[in-house]
Amino acid sequence: MDRRVRASQKRQRLMAAAARVLHEQGVERTTLADIAQEADVPVGNVYYYFKTKDELVRAALGEHTAHLDELTARLDRLPDPRDRLKALVEAWVEQREVAARYGCPTGTLAAELGKRTDGSLDAEAGAVIRRLLDWVARQFREMRLSGANHGDGADEPNGADEPYDPYDPDDLAVTLVSGYQGMSLLANALRDPDVMTREGARLAGWLDSLR
């Protein structure tokens, strides 16, 4: 096998291992040796491809982005945007055992990175979540929901006398992704994967109710 091919494959193994180990152990508890062991490569090879742990964290975020892109590309084959969103919820629920044990891969990493005093990498973790939000919002736009509420201000947010659209695609995207993050957090805190099952069914019902 060509040396460049072997090197590429080894780097990919390290990236995948970094994503798994950082999800399971967190950034602070994980060492480069942990990732080398998971990838089944000598620890010295890790330093050849990644000089610091932060570089491996960045690589793990790249893996999360790639997995998200693979998932959304698969969902985009469905003709109906509502079905795409419901299939997204189903994909989340399918990961309930992992979520109950370790939480959401990207969400837990973003939360941990956000607590670091150096402020590094947290924006990159947020960018992965923003990528998901943008894809979800596109599905809601394609659904072309109606029902804007133009009240007299009494029912508007903060009492503002401005037109308020309860079906704003970006707001709906935040609602859906917040639901996922919340049920992942609770499933993890309670070590109860059924939380994901129950709340996933609620999210699917909510999607069906939107007109």
Taking all atoms of both residues into account, what is the closest heavy-atom pair of A60 and L22, and its distance?
CB-CD1, 3.7 Å

Residue pair R82 / L210, side-chain heavy-atom distance below 4.5 Å:
yes

Working note: L32 + E55, criterion side-chain contact (heavy atoms from CB on, under 4.5 Å); need CA distance, chi angles, decisive distance, verdict.
CA-CA 11 Å; L32 296 183; E55 289 186 13; over 6 Å; no

Atom pair OG1 (T108) and CD (E24), whose distance is rounded to the nearest 0.5 Å
10.5 Å

Would the distance check show the side chain of R211 and the main-chain N or O of L145 forming a donor-acceptor pair, the cut-off being under 3.5 Å?
no

Once you round to the nearest 0.5 Å, how far does CG of N45 lie from CD1 of I35?
13.5 Å

Could you check whether any side-chain heavy atom of T31 comes within less than 4.5 Å of a side-chain heavy atom of V43, counting everything from C-beta outward?
no

Between atom CD of Q139 and atom CG of L78, what is the distance when rounded to the nearest 0.5 Å?
9.5 Å

Closest heavy-atom contact between R84 and P79?
NH2-O, 3.2 Å

Let me confirm one number: the CZ-CE distance from F50 to M15, rounded to the nearest 0.5 Å.
6.0 Å

Hey, any chance Y102 and V128 share a hydrophobic cluster, counting ILVMFWY side chains that come within less than 4.5 Å of each other, even indirectly?
no

Out of D54, L109, V27, which one pairs with L121 under the side chain to side chain contact (heavy atoms under 4.5 Å, CB included) rule?
D54

Can you list the steps and then say if F140 with L85 is a side-chain contact (heavy atoms from CB on, under 4.5 Å)?
CA-CA 9 Å; F140 281 120; L85 292 173; 3.6 Å; yes

Between OH on residue Y49 and CZ on residue R13, distance to nearest 0.5 Å:
8.5 Å

Side-chain heavy atoms under 4.5 angstrom apart, residues restricted to Ile, Leu, Val, Met, Phe, Trp, Tyr: same cluster for V174 and V89?
yes

Do other residues, nucleotides or ligands put more than 12 heavy atoms under 6.0 Å from Q37 CD?
no

Ion pair check, R202 and E199, cut-off under 4.0 Å:
yes

Could you see if L207 belongs to whatever hydrophobic cluster contains L71? Use Ile, Leu, Val, Met, Phe, Trp, Tyr and a side-chain cutoff under 4.5 Å.
yes

May I ask you to decide if T106's main-chain N or O and H23's side chain share a donor-acceptor pair within less than 3.5 Å?
no

Non-hydrogen side-chain atoms of K86 and D208 separated by less than 4.5 Å
yes

For atom CZ of R191, is the number of surrounding heavy atoms from other residues, nucleotides or ligands below 6.0 Å larger than 12?
yes

Take L113 and E124 through the side-chain contact (heavy atoms from CB on, under 4.5 Å) test and state the conclusion after the steps.
CA-CA 10 Å; L113 293 173; E124 293 184 44; over 6 Å; no

Nearest heavy-atom contact between G200 and M183 is N-SD, 3.7 Å

Mind checking whether R141 and D170 have side chains closer than 4.5 Å, heavy atoms only?
yes

L68 with V98, same ILVMFWY side-chain cluster at under 4.5 Å:
no

With a 4.0 Å cut-off, would you call R131 and D69 a salt bridge?
yes

Contact between L132 and L88 at the side-chain level, heavy atoms closer than 4.5 Å - yes or no?
yes

pair L56-V46: side-chain heavy atoms closer than 4.5 Å
yes

Determine the minimum heavy-atom distance between M196 and A187, stating which atoms define it.
CG-CB, 3.7 Å

State plainly whether one hydrophobic cluster holds both Y167 and L176, where clusters connect Ile, Leu, Val, Met, Phe, Trp and Tyr through side-chain heavy atoms under 4.5 angstrom apart.
yes

Any sub-3.5 Å donor-acceptor pair from S8's side-chain atoms to V5's backbone N or O?
no

E63 and A19: which non-hydrogen atoms are nearest, and at how many Å?
CB-CB, 3.9 Å

Tell me whether R77 is salt-bridged to D83, with the criterion being a basic N under 4.0 Å from an acidic carboxylate O.
no

D134 bridged to R130 by N-O distance under 4.0 Å:
yes

Output, in order, the C-alpha distance, side-chain angles, deciding distance and verdict of side-chain contact (heavy atoms from CB on, under 4.5 Å) for L75 and W135.
CA-CA 11 Å; L75 298 179; W135 183 87; 3.7 Å; yes

Could you state the interatomic distance from CG (L190) to CG (L185), rounded to the nearest 0.5 Å?
9.0 Å

Between H64 and P105, what is the shortest heavy-atom contact and its length?
CE1-CB, 3.5 Å

